[in-house]
Amino acid sequence: MTVATRTAAGDEAVAGDEAADERFATARAVADAVLYEGYVLYPYRASSRKNQVRFQWGVLMPPTYCEADGSERHSARTECLLQPDPRATAGEGVLHVRVRCLQTQRRRVEATVCEEPDDHVATSGFTPVDALDVDGARHVEWDEAVDRIIDLSPLDLRWGKASEARRAFTLEGASETEALRGEADGTLVGRFVRERVPVDGTVRVTVTSVGQGSPYLKVAVTVANATAWDDGPAARADAMASSLVAVHTMLAVDGATFVSLLDPPAGAAEAARGCRSDGTYPVLVGDETVVLSSPIILYDHPEVAEQSPGDLFDATEIDEILALRVMTLTDAEKAEARGTDARAAAIIDRCDTLSPEALGRLHGQMRPVEPMEPAWPTLTTPSDEAADTTGAATSGTDPAPWWDPASDASVDPWRDTVTVDGIELGQGSPVRLHPTGASDAQDMFLDGRDATVAGVFADVDGGSHLAVTLDDDPAAGELVWQGRYLYFHPDEVEPLPTRAEVEKRA
């Protein structure tokens with residue numbers, strides 16, 4: 001098994017690169033958005049406070065640095081499930097693994113200094129400067145990033161047998177210069193000096209059976225920084241040069257399909273719960289043969305909106321709002337943004353030339369939604385007693401639609417109850433939380449916490465939800481007064497004995 005490291009633009013192609021690029025094409029747009037999320041934020045200037053602390057996602061630092069700073073990590077692990085195709089034969093089941101990350105490089109700015117020695121022949125030297133104005137761009141010192149790709153050789157899947165591969169890689173260091181010349185006459189006015197240090201890492205892939213008789217395989221990919229760090233305690237920005245940044249893993253499979261960990265089929269639910277990713281969140285991208293495991297929480301099948309004209313490095317913001325804000329920047333602010341980073345300059349130029357039609361597409365879209373009859377009973381579905389065999393209503397009035405306040409007459413969250421494990425739960429019932437992870441990812445932090453039921457709410461699909469407050473939350477009383485609760489499905493709570501029951505047993 002071999003590994004190749006290259007820039008995303010592709011230095012010299014290595015064997016299998018083109019095939020791998022095509023295999024991961026469906027995940028590339030989303031992966032690019034993840035890779036550069038937060039790289040440089042509006043107003044896209046190096047002097048902005050937003051851009052003083054950068055590279056927050058998926059940073060893997062040298063192990064010894066992490067020992068001194070417990071808030072950082074040196075490795076990330078992805079676990080996901082494969083469902084083999086029973087029709088596949090030996091050699092047809094193949095796993096493809098690609099790791100992507102950024103490698104930072106420090107960019108310094110130097111201005112040209114003309115010297116005239118005794119022989120009166122002018123020569124040029126360079127001196128470091130804080131800023132250099134060139135053709136409407138104010139260039140400053142800045143940490144840039146190089147997109148790195150680490151492709152592993154395809155791994156054959158052997159049904160019922162474990163497979164494992166481990167490989168080391170090095171992101172090479174370099175020192176480079178780039179001349180800065182005036183556009184009008186080509187005069188050399190300065191230069192960029194870029195430096196990056198080598199970064200070592202490892203990728204380990206294991207494929208194992210979930211259990212005897214299980215049709216599923218568990219795939220685990222661990223990416224780790226293995227760079228030596230001998231500088232002792234240091235500022236985070238200084239250690240960033242020896243780090244893997246925005247690390248994410250893409251997996252593709254032939255002869256099998258991946259199982260959704262967010263919404264697994266009933267038969268795979270237990271196996272899905274056994275997957276434990278650390279620092280990454282694997283989701284399906286495109287079809288069920290590709291997975292993107294990123295340091296940012298996504299849902300299955302994420303997409304970049306086709307109306308978006310380009311990256312803004314802030315996927316939580318609205319493109320239209322950011323574009324309009326960029327248009328309001330002063331000429332001096334735009335000059336600094338253009339000189340901060342080439343990617344920031346591209347944003348400024350794109351927003352300045354955005355056509356009214358392109359801006360209009362960012363404003364919103366109207367999409368028709370076909371009405372669908374639910375295949376399950378809902379609060380708006382007439383009961384069997386309300387309709388005769390021909391489907392005609394037997395009562396004089398139709399049931400109130402869900403948006404009509406009259407429909408609330410049939411429910412009362414403060415008096416309604418729901419049965420869990422043979423115990424009736426309602427307002428005031430003590431419970432212990434066991435989130436399944438199928439809704440809010442942050443629910444994992446509440447596992448095992450004791451809570452009290454505030455109410456039992458019904459949704460329009462006929463489901464029940466328990467509104468609870470945490471017993472050890474000092475703000476519980478304030479949250480109840482505001483009507484703010486945490487909501488869980490009945491199968492996510494464990495009934496606890498009431499205080500009266502405990503005292504009675506004692």
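Throughout, residue positions are numbered sequentially from 1 according to the sequence presented.
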From [X] [atom1] over to [Y] [atom2], what is the distance, rounded to the nearest 0.5 angstrom?
X    : Y    : atom1 : atom2 : result
D278 : R73  : CG    : CZ    : 4.5 Å
L322 : I347 : CG    : CD1   : 8.5 Å
H139 : E110 : NE2   : CD    : 14.0 Å
S242 : Q103 : OG    : CD    : 9.5 Å
F169 : I149 : CZ    : CD1   : 13.0 Å
L244 : H74  : CG    : NE2   : 11.0 Å

Exercise for review: Flag yes if more than 12 heavy atoms outside I318 fall under 6.0 Å of its CD1 atom; otherwise flag no.
Suggested key: no

Review point. In this structure, which one of D447, D471, D450 forms a salt bridge (Lys or Arg N to Asp or Glu O under 4.0 Å) with R432?
Key: D450

Check your understanding: So which heavy atom on V259 is nearest to which on P265, and how close?
Key -> CG1-CD, 3.7 Å

**Study point:** N51 (side chain) donor-acceptor with R45 (main chain) under 3.5 angstrom
**Key:** yes

Practice item. Using only heavy-atom distances, determine whether the side chains of D200 and T227 contain a donor-acceptor pair under 3.5 Å. Key: no

Check your understanding: With no hydrogens and no angle check, do the side chains of H96 and D254 hold a donor and an acceptor under 3.5 Å apart?
Key -> yes

Practice item. Applying side chain to side chain donor-acceptor pair (under 3.5 Å), run through T222 and S75 and close with a yes or a no. Key: CA-CA 7 Å; T222 302; S75 66; over 6 Å; no

Exercise for review: Check each of V431, D443, T436 against F488 using the side chain to side chain contact (heavy atoms under 4.5 Å, CB included) test, and report the only one that passes.
Suggested key: D443

Practice item. Would you mind telling me which of D341, D143, D314, D311 makes a side-chain hydrogen bond (donor to acceptor under 3.5 Å, both in side chains) with Y39? Key: D341

**Study point:** Charged tip of R98 within 45° of F24 ring normal and under 6.0 Å
**Key:** no

